[in-house]
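Taking it in order: structure first as structure tokens, then the write-up.
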Amino acid sequence: MHRSQGRDHFPQFEEFFDRGLIDEVLGLVKTGKEASVYCCRGGPALGIDLVAAKVYRDRQYRFKNDAVYQEARGREMGLRGRPLRAFEKKTQFGREVQEGIWRHREYETLELLHAAGADVPRPLAAANDVVLMEYVGDEDGAASQLNRVRIDEDAAGPLFQRLIDNVELWLACNRVHGDLSPHNILYWQER
Ligand SMILES: Nc1ncnc2c1ncn2[C@@H]1O[C@H](COP(=O)(O)OP(=O)(O)O)[C@@H](O)[C@H]1O
Ligand SMILES: [Mg+2]
């Protein structure tokens, strides 16, 4: 990870600093398809040593091949009135509505699945395009993505079963992972 930086470098984390949720940004963990993830020192209001802050990218860099989201029905997502019409017409405002829903949904899904006992990071807070969640890893580095580790044959069976148990749990919560790949599974301390 890179060297640590204070709040001045991260205006989008302002609210987390103010609320005592984080004290310091320790470094960039990874830049993904949709977001960049930072490792932060938890603040006094949290009482957790390390936390992950997922910063969503600007809308303009996404929603180019957004067929799945485009097809999602505004009404099914609980929209009514002006937000619904804007969403259907895909106006600028409509896209902002869509974006907000999309981010909020990721946070809600983490909450739901964590409460159900799934192996997902515990969501801690959300504000300004950033989701704060439990960090998987330690001071020396974040957990590895599954595609980057070698696992003994003996250990692979139980791990695979654990994954299938998770998929079943998500299904029981009416959730399907839209992008379940080794890139999106973290391996940490044999789990
Ligand atoms: N809570 C976390 N703790 C440690 N590393 C994380 C955490 N969340 C994400 N990462 C790392 O950041 C990468 C990108 O995060 P991800 O949520 O998959 O974003 P995207 O939707 O952009 O792919 C992950 O593959 C993982 O390596
Ligand atoms: Mg990912």
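Treat the numbers as computed from the prediction; the structure is a model and nothing was measured. In listed order, ligands and their atoms are each counted from 1.
- Side-chain atoms of Y135 do not come within 3.5 Å of backbone N or O of D49 as any donor-acceptor pair.
- Regarding atom 19 (O) of ligand 1, its nearest protein heavy-atom neighbour is K54 NZ, 3.3 Å.
- Within the protein, the N, O or S atoms lying under 2.8 Å from the Mg ion (ligand 2) are N184 OD1.
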Under 3.5 Å, sequence neighbours excluded: what are the donor-acceptor pairs made by side chains of residues 144-152?
from, atom 1, to, atom 2, distance (Å)
Q145, NE2, H183, O, 3.1

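- The ligand atoms of ligand 1 that sit less than 4.0 angstrom from a heavy atom of E34 are 20 (P), 21 (O), 22 (O).
- A35 counts as a contact of ligand 1, since one of its heavy atoms falls under 4.0 Å from the ligand.
- Checked against C40 for a side chain to side chain contact (heavy atoms under 4.5 Å, CB included), the options V25, L21, D23, I48 give a single hit: V25.
- For ligand 1, the atoms closer than 4.0 angstrom to any heavy atom of A52 are 1 (N), 2 (C).
- With sequence neighbours excluded, no residue forms a salt bridge (Lys or Arg N to Asp or Glu O under 4.0 Å) with E111.
- Close approach of ligand 1 to M133 is summarised as follows: ligand atoms under 4.0 Å from at least one heavy atom of the residue are 1 (N).
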- Please walk me through it: do K54 and E106 pass salt bridge (charged side-chain N to carboxylate O under 4.0 Å, His left out)? CA-CA 11 Å; K54 179 169 178 175; E106 180 157 334; 2.7 Å; yes
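- The same ILVMFWY cluster, assembled from side-chain heavy atoms under 4.5 Å apart, contains both Y107 and V120.
- E134 O, 2.9 Å is the protein heavy atom nearest to atom 1 (N) of ligand 1.
- Side-chain atoms of E134 never come within 3.5 Å of backbone atoms of P121 as a donor-acceptor pair (strictly under, hydrogens ignored).
- Atom 18 (O) of ligand 1 has N184 OD1, 2.9 Å as its closest protein atom, hydrogens excluded (heavy atom only).
- Here the heavy atom of the protein found nearest to atom 11 (C) of ligand 1 is V29 CG1, 4.1 Å.
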- Task: Quick one: do R41 and E139 satisfy salt bridge (charged side-chain N to carboxylate O under 4.0 Å, His left out)? Show the steps, please.
- Result: CA-CA 10 Å; R41 176 89 55 209; E139 202 98 19; 3.1 Å; yes
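- Protein heavy atom closest to atom 23 (O) of ligand 1, with residue, atom name and distance, is K33 N, 3.7 Å.
- Interface of H183 with ligand 1, defined as ligand atoms under 4.0 Å from a residue heavy atom, comprises 25 (O).
- No part of T31 comes within 4.0 Å of ligand 1, judged by heavy-atom distances.
- Ranking the protein heavy atoms by distance from atom 10 (N) of ligand 1 puts V37 CG1, 3.9 Å first.
- Of all protein heavy atoms, the one closest to atom 4 (C) of ligand 1 is V136 O, 3.3 Å.
- For residues 176-191, the salt bridge (charged side-chain N to carboxylate O under 4.0 Å, His left out) pairs, not counting sequence neighbours, are K33-D179, D119-R191.
- Taking the six-membered ring for Trp and the full ring otherwise, the centers of Y38 and F13 sit less than 6.0 Å from each other.
- In summary, the atoms of ligand 1 found under 4.0 Å from a heavy atom of Q145, numbered by their order in the structure, are 24 (C), 25 (O), 27 (O).
- Between V29 and C39, the shortest heavy-atom contact is CG2-N, 3.7 Å.
- Within the listing of ligand 1, atoms 4 (C), 5 (N), 6 (C), 26 (C), 27 (O) sit less than 4.0 angstrom from a heavy atom of L186.
- In this structure, the separation between CG on L28 and NZ on K30 is 9.0 Å, given to the nearest 0.5 Å.
- Nearest heavy atoms, A125 versus F16: CB-CE2, 3.9 Å.
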